[in-house]
Visitor: 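Sending over a structure as structure tokens; questions will come in a sec.
Here is the naming used below: chain letters follow the sequence lines, and residue numbers restart at 1 for every chain.
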Amino acid sequence: MSKILFKKQLSNDVYMMRLQAPLIAEERAAGQFIILQINEDYGERIPLTIADADTKEGSITIIFQVVGKTTLELSGKNVGDEIPALVGPLGKPTHIENFGTVVCVGGGIGVAPLYPIAQALKNAGNHVITIIGARNKELIILEEEMKEIADEFILCTDDGSYGRKALVTVPLKEICERSPKPNMVIAIGPPIMMKFCSETTRPYEVFTQVSLNTIMVDGTGMCGGCRVNVGKEIKFVCVDGPEFDGHKVDFDNMMSRLNSYKELEREAHSCFLEQVIKNKEALQ
Amino acid sequence: MSHLTAEQLSEEAKKLIADYVSRIDDMKAKERMKIPAQEMPAQDPEVRSHNLDEVAIGYTMEQARIEAMRCIQCVKKSCVEDCPVRIDIPRFINHIAHEEYQNAADVIKEASLLPAICGRVCPQETQCQSNCAVGKALKDVDKSVAIGRLERFVADWERATGKIAIPEIKPDTGKKVAVVGSGPAGLVVAADCRREGHQVTIFEAFHKLGGVLRYGIPEFRLPNDIIDKEIEVLKAMGVEFQTNFVVGRTRKLTDLMDKDGYHAVFVGTGAGLPMFMGIEGESLVGVFSANEYLTRANLMRAFEKGKADTPIYPSKRVAVLGGGNVAMDSARMAKRLGAEKVYVVYRRTEVEMPARKEEVAHAKEEGIEFLFLQNAKKIIGNEKGKVKEMECVRYELGEPDASGRRRPVLIPNSEFILEVDTVIVAIGNSSNPLISQTTPQINVNKWGNIIVDETQKTSVDKIFAGGDIVLGAATVILAMGEGRRAAAAINKMLAEEIEKGKAVMN
């Protein structure tokens, strides 16, 4: 059981929540995630990254986008409501040290997991360049927070409604061309964005770390549903990751696996929406 | 195989019982051996392959008593020797024959707190029933006294009375034991340590208790409410449960002792990451580990379409790779989830299959097709990256290998295509890496399994381990046996500590 302490809508379908979870708050480190369930009997287990934690309050912050039935239901919960199952922190923490200059690239909701990592890198003495991007202004999150820790801050939108009109790969390429080139890139966002960030940095041989969010069931190294091909090996995101060398990840396969249940999920989502509408009508 | 209905079996037993009861204590061994072995009543195969209800229905009282009278109460008692938890089998069986079911339950409880589970999932044919004098005399292990079915009968009888006896708990010792994982090993440790008067907390990573009993073994072999009932006994004994708690991540293993005051820890974290074949196409959409497939269906209840939020892949033609119990469970579950064709693809022959005979027989009755001496070579996808077929090769049996089983030898140019949309890989697990990743002080072998001594103690003081995390993939009862041994060692260690404490006080 975990109580919702705070809730804020960040954009049309992106929400931030602070959840009571003293043990997780104490143990978590940048790069780790939690799994939660809205219903312990029939609910699905969804992995969400930990955006922040407050050990004094004993809480963690999650930021999520409504993409399916469970996230839609979660977005309907309010302060004081309980999340019946919350487990974590899962995954290996990000390896933090002073690498020199690190470019942190966040796309859309991916800025949420990127924030604690950028923060930790900054605290370790790195020169942190952040690039955050989204389709449009409405979808930009954590702008102020990221700006505050960045030595250089670049914001872009696909449609030019805010900041620079460009994909994040454009400024990333420019930075790779600088001399000296950056020591490392961390890219977190939609799979397609991580794929192209990795392709962008490949010719410059800049190590590029990505954080993967694959389909998971247990999240503790048992089911193998989260497997990805990294180089010639099968890796498990829940216990070997979630972070991997972007130059070695088979993104195309990962993306096709992410779509395994697309049709079923779409169906479930629309059934649920219909139910919500029916319930509302019944109340009126 | 012809299917006799439960009614037919029950009628038959009713006809016979009076005669046997009249001679119950006078029958010679020879006469007892002539008593017909009682078949387990089961749901009709066609019906059950579309539902999740338990396949085996359980003996009627008459059947149980008749089967119990088949036991000749031999002096050798090899059944007890071959039981990993040493249940006094002849004694409980004799009570059944005499209609003393509560006494029978009490005898079993002396050694095992989980009879309803063991009676269902133990491989009795390779344990207690393997050297049964009756089976030996009749030269057929299948004619051994059906100890497992009788154990299940007693457990179900007791549960039906609604008052399961709670074992006696010794006075509080002030010692705390942490058990990591609520699977079969952990449950036994919890029960045995609690009986000694120690405080016990079980930490479970999942939101539901039972470990592999819940996520792995399907409802049709082991119903969830049986697990719930057995766990209720532990709760009534005062064992505490913490779900959604991953030891190693939510709390470090050593912190349980250093910060939370536990005096001993038992690690029973179970099976780990699934193994794959290492063939082309295993990353395609539609290829699953048995662990994932079964977890979705069992723990996440994907079988209940419309209710469960966790989706399961809509399969029409399924190939299951492997020949163990997990392969049988996966194949039979796929059938129940609506697959039209389900194949079990196994490199050797039926004789070498590690799955229990009964499970194989049940699978066949349900229409699962077995492709022996065949194996997957590569999995082929369509333009969307989904499985569309599997290339297989054929084998023949050659000379025996190190395990004594005849080695399958590849037949050259024997490739053929099997049209399937789903492949379930059930060839075993490696170890769970969580404890070794987060507690590097614990020694593990090259496969990542925790190394223990003969008392189940690990390389770290006060930390014990057992079950699949030590054995690799084994059975429920072997895990329970390890749990029993670990609990004995923990109880001994804590008793010595208490004695030492007293000596200092004096």
Visitor: Might you confirm whether atom NZ of A:K7 has over 12 heavy atoms from other residues, nucleotides or ligands at distances under 6.0 Å?
Guide: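 Yes, the 6.0 Å shell around NZ holds more than 12 heavy atoms from other groups.
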Visitor: Which distance, rounded to the nearest 0.5 Å, do you find between the OG1 of B:T310 and the OH of A:Y42?
Guide: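 These two atoms lie 11.5 Å from each other.
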Visitor: Let me know if A:E40 has heavy atoms under 4.5 Å from chain B in its side chain, its backbone, both or neither.
Guide: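 Both parts, heavy atoms under 4.5 Å.
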Visitor: For the candidates A:C238, A:A21, A:G225, A:P89, which exhibits the highest count of non-hydrogen atom pairs separated by less than 4.5 Å from chain B?
Guide: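 Result: the option with the highest number of such pairs is A:P89.
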Visitor: Is any side-chain heavy atom of B:R249 less than 4.5 Å from a side-chain heavy atom of A:T220?
Guide: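 No, every pair of side-chain atoms sits at 4.5 Å or beyond.
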Visitor: With a cut-off of 6.0 Å (strictly less than), are more than 12 heavy atoms of other residues, nucleotides or ligands near CE of A:M255?
Guide: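 Yes.
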Visitor: Measure distances from A:L86 to the heavy atoms of chain B and classify the residue's part below 4.5 Å as side chain, backbone, both or neither.
Guide: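 Only the backbone of A:L86 comes within 4.5 Å of chain B.
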Visitor: Distance from B:L284 atom CG to A:N253 atom CG, nearest 0.5 Å?
Guide: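 B:L284 CG to A:N253 CG: 7.0 Å, rounded to 0.5 Å.
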Visitor: Which region of A:D218, side chain (C-beta onward) or backbone (N, CA, C, O), has a non-hydrogen atom less than 4.5 Å from a non-hydrogen atom of chain B, or is it both or neither?
Guide: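 Both parts, backbone and side chain.
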Visitor: Between B:T250 and A:G88, is there a donor-acceptor pair closer than 3.5 Å when you use the side chain of the first and the backbone of the second?
Guide: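 Yes, B:T250 side chain to A:G88 backbone: donor-acceptor pair under 3.5 Å.
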Visitor: Taking ring-ring contact (aromatic ring centres under 6.0 Å, His included) as the definition, give me every residue that meets it alongside A:F236, ordered by chain and number, with sequence neighbours left out.
Guide: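 Testing A:F236 for ring-ring contact (aromatic ring centres under 6.0 Å, His included), a comparison that skips the adjacent residues, returns none.
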Visitor: Under 4.5 Å, heavy atom to heavy atom, which residues of residues 423-436 of chain B contact chain A?
Guide: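 So the qualifying residues are B:N432, B:P433, B:L434.
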Visitor: Where does B:Y215 contact chain A at under 4.5 Å (heavy atoms): side chain, backbone, both or neither?
Guide: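 Contact with chain A: side chain only.
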Visitor: Sort B:A271 into side chain, backbone, both or neither according to what part of it lies under 4.5 angstrom from a heavy atom of chain A.
Guide: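 B:A271 touches chain A through backbone heavy atoms alone.
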Visitor: Run the side chain to side chain contact (heavy atoms under 4.5 Å, CB included) check on A:M1 and B:N244 step by step: do they pass?
Guide: CA-CA 9 Å; A:M1 284 286 212; B:N244 297 307; over 6 Å; no
Visitor: Which is it for A:E27 and B:R251 under the side chain to side chain contact (heavy atoms under 4.5 Å, CB included) test, yes or no, and what are the steps along the way?
Guide: CA-CA 7 Å; A:E27 288 291 325; B:R251 200 89 172 127; 4.1 Å; yes
Visitor: Is a donor on one side and an acceptor on the other found under 3.5 Å between the side chain of B:N291 and the backbone of A:M222?
Guide: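 Answer holds: yes.
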Visitor: Please check this pair: side chain of A:S260 against backbone of B:V285, looking for a donor-acceptor N/O pair closer than 3.5 Å.
Guide: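 Not at all, since once roles are kept as given, no pair shorter than 3.5 Å links the two residues.
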Visitor: Using a strict threshold of under 4.0 Å (side-chain N to carboxylate O), is an ion pair present between B:E282 and A:R227?
Guide: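 Judged by the 4.0 Å cut-off on N to carboxylate O distance, A:R227 and B:E282 do not form a salt bridge.
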Visitor: Let's test your reading of the structure: which of B:S283, B:G286, B:P274 forms the most heavy-atom pairs below 4.5 Å with chain A?
Guide: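 The answer is B:S283.
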Visitor: Just so I understand: if I count every heavy-atom pair under 4.5 Å between each of A:G43, A:G219, A:P84 and chain B, which residue has the most?
Guide: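 Of A:G43, A:G219, A:P84, A:G43 has the most heavy-atom pairs under 4.5 Å with chain B.
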Visitor: Taking the side chain as C-beta and beyond, is there a heavy-atom pair between B:M300 and A:Q37 under 4.5 Å?
Guide: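 B:M300 vs A:Q37: side chains touch.
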Visitor: Distance-only, no hydrogens or angles: does the A:E44 side chain make a donor-acceptor pair with backbone N or O of B:P311 under 3.5 Å?
Guide: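 No.
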Visitor: With only heavy atoms counted, which part of A:R28 is less than 4.5 Å from chain B, the side chain, the backbone, both or neither?
Guide: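 For A:R28, no heavy atom lies under 4.5 Å from chain B.
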Visitor: Where on A:I34 is there a heavy atom nearer than 4.5 Å to chain B: the side chain, the backbone, both, or neither?
Guide: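 Looking at A:I34, nothing touches chain B.
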Visitor: Thinking salt bridges, do A:D41 and B:K307 make one under a 4.0 Å N-O criterion?
Guide: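 Salt bridge absent between A:D41 and B:K307.
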Visitor: Less than 4.5 Å to any heavy atom of chain B: does that hold for the side chain of A:P22, its backbone, both, or neither?
Guide: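 The answer is neither part of A:P22.
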Visitor: Quick check for you: among B:Q437, B:K252, B:K384, which has the greatest number of heavy-atom pairs under 4.5 Å with chain A?
Guide: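 Maximum pair count with chain A is reached by B:Q437.
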Visitor: Looking at B:F288, B:F245, B:Y313, B:F276, which makes the most heavy-atom pairs under 4.5 Å with chain A?
Guide: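 Going by pairs under 4.5 Å, I would pick B:F276.
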Visitor: Examine whether an atom of A:T70 lies under 4.5 Å from a heavy atom of chain B, and if so say whether it belongs to the side chain, the backbone or both; otherwise answer neither.
Guide: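 When you check distances to chain B, only side chain atoms of A:T70 fall under 4.5 Å.
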Visitor: Tell me, for B:L294 versus chain A, whether the close heavy atoms (under 4.5 Å) come from the side chain, the backbone, both or neither.
Guide: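 When you check distances to chain A, no heavy atom of B:L294 falls under 4.5 Å.
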Visitor: Take a 6.0 Å sphere around CD of B:E280 and say whether it holds more than 12 heavy atoms from other residues, nucleotides or ligands.
Guide: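 Not buried by this count: 12 neighbours or fewer within 6.0 Å.
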Visitor: Just give me the residue among A:K92, A:E26, A:M254 that pairs up with chain B most often, heavy atom to heavy atom, under 4.5 Å.
Guide: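 The candidate making the most pairs under 4.5 Å is A:K92.
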